[in-house]
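Hydrogens, waters and symmetry mates play no part in the numbers below; they use all other heavy atoms, side chains included.
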Amino acid sequence: MSQTVRGRYTLVSGDLYAEVQTYYAWQVRRVDALDIEGFAQTFTEDGEVWHAGGSVQRGRQEMLAGMRASLPRYKDVAVRHWFDHLLVEADADDPDTLRVSYYTLVALTDRGGKVSFQPTFSVDDVLVRREGVLFTSKRVIRRDTPGPDPHR
């Protein structure tokens with residue numbers, strides 16, 4: 001169930017919003033634990049990730065290859081992805097499709113407890129429900145820059 005509020009955004013039920021938040025909590029715990037296979041399984045088999053740098057990974061195998069190449073930079077640090085300010089909208093034509101927009105922050109903590117932050121990003125996801133389970137079918141990641149966001 002969703003409704004449009006003053007033509008600006010669509011409200012979804014509290015239960016659906018909580019389900020989406022829980023989905024992301026499980027998804028980021030996989031990537032933060034460097035469980036790249038488990039993380040890839042949260043995407044559809046043909047899922048896509050459009051990275052801020054311009055590269056595109058299509059399918060779980062390409063995602064896994066890209067993540068394996070990135071693993072060395074996470075040696076000796078604890079990684080935490082923070083997703084917040086989720087806007088969840090149901091697709092008017094397909095009740096099994098959700099469009100989610102959110103902000104991300106990635107914190108890295110070294111063995112000495114020093115914390116550093118990665119640049120912030122805005123992310124747009126398409127989530128789909130398959131046999132009652134949510135999966136990410138498309139993710140578009142944009143690095144935040146000063147000024148108005150032309151994608152919003």
Side-chain angles (χ1 to χ4, degrees), residues 9-10 12 16-152:
Y9 56 90
T10 303
V12 295
L16 181 56
Y17 194 86
E19 179 185 11
V20 170
Q21 285 185 306
T22 301
Y23 167 77
Y24 283 123
W26 281 106
Q27 186 182 59
V28 298
R29 278 176 170 74
R30 298 288 62 79
V31 75
D32 288 346
L34 305 180
D35 174 10
I36 60 174
E37 288 83 7
F39 178 72
Q41 291 298 317
T42 67
F43 286 78
T44 58
E45 187 65 41
D46 62 346
E48 297 180 348
V49 179
W50 295 66
H51 293 277
S55 66
V56 179
Q57 294 168 332
R58 292 183 173 89
R60 289 179 183 160
Q61 294 309 309
E62 282 188 23
M63 287 179 213
L64 284 167
M67 288 185 281
R68 280 189 192 101
S70 296
L71 282 177
R73 74 177 164 174
Y74 297 112
K75 182 179 181 187
D76 295 325
V77 295
V79 182
R80 295 294 179 261
H81 287 75
W82 303 92
F83 290 4
D84 200 7
H85 299 294
L86 278 73
L87 295 176
V88 180
E89 297 187 83
D91 187 300
D93 299 322
D94 182 357
D96 289 327
T97 299
L98 301 170
R99 299 188 189 291
V100 185
S101 177
Y102 54 93
Y103 302 140
T104 68
L105 175 67
V106 178
L108 305 173
T109 306
D110 69 16
R111 291 190 184 279
K114 181 181 176 192
V115 177
S116 62
F117 296 98
Q118 300 294 300
T120 59
F121 294 87
S122 299
V123 181
D124 292 308
D125 280 355
V126 176
L127 303 183
V128 295
R129 188 178 304 280
R130 300 289 185 259
E131 298 180 21
V133 178
L134 289 175
F135 293 91
T136 304
S137 68
K138 183 175 184 181
R139 173 165 291 165
V140 177
I141 305 166
R142 294 179 186 85
R143 185 173 178 172
D144 292 334
T145 57
D149 184 346
H151 304 287
R152 303 265 179 251

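- Atom CG of Asp46 is separated from atom CZ of Phe135 by 11.5 Å, given to the nearest 0.5 angstrom.
- Applying the side-chain hydrogen bond (donor to acceptor under 3.5 Å, both in side chains) test to Asp110 and every residue at least two apart in sequence or in another chain returns nothing.
- Taking CZ from Arg30 and NE2 from His81, the interatomic distance works out to 13.0 Å, rounded to the nearest 0.5 Å.
- Judged as a salt bridge (Lys or Arg N to Asp or Glu O under 4.0 Å), and not counting sequence neighbours, the contacts of Asp91 are Arg99.
- Partners of Asp94 under the side-chain hydrogen bond (donor to acceptor under 3.5 Å, both in side chains) rule, at least two apart in sequence or in another chain, are Thr97.
- Once rounded to the nearest 0.5 Å, the distance linking OG1 of Thr42 with CZ of Arg29 reads 13.5 Å.
- Scored by the side-chain contact (heavy atoms from CB on, under 4.5 Å) test, Pro119 finds Phe121, Arg143 as partners (sequence neighbours excluded).
- In this structure, OG in Ser101 is found 8.5 Å from CG in Leu86, a value given to the nearest 0.5 Å.
- Residues passing the salt bridge (Lys or Arg N to Asp or Glu O under 4.0 Å) test with Arg58, sequence neighbours excluded: Glu48.
- Ion pairing between Asp124 and Lys138 fails under the 4.0 Å rule for side-chain N and carboxylate O.
- Residues satisfying the side-chain hydrogen bond (donor to acceptor under 3.5 Å, both in side chains) test with Gln41, not counting sequence neighbours, are Arg60.
- Partners of Thr120 under the side-chain hydrogen bond (donor to acceptor under 3.5 Å, both in side chains) rule, at least two apart in sequence or in another chain, are Asp144.
- Identified under the ring-ring contact (aromatic ring centres under 6.0 Å, His included) test for residues 25-44, with sequence neighbours left out: Phe39-Phe43.
- The list of salt bridge (charged side-chain N to carboxylate O under 4.0 Å, His left out) pairs with a residue in residues 76-87, not counting sequence neighbours, reads Asp76-Arg111.
- Leu134 and Tyr23 get closest at one heavy-atom pair: O-CE1, 3.3 Å.
- Residues satisfying the salt bridge (Lys or Arg N to Asp or Glu O under 4.0 Å) test with Asp96, not counting sequence neighbours, are none.
- Residue pairs meeting the side chain to side chain donor-acceptor pair (under 3.5 Å) criterion with at least one partner in residues 125-135, sequence neighbours excluded, are Glu19-Arg129, Tyr24-Asp125, Tyr102-Asp125, Asp125-Arg139.
- Every pair tested for ring-ring contact (aromatic ring centres under 6.0 Å, His included) that includes a residue from residues 49-77 fails, sequence neighbours excluded, so the list is empty.
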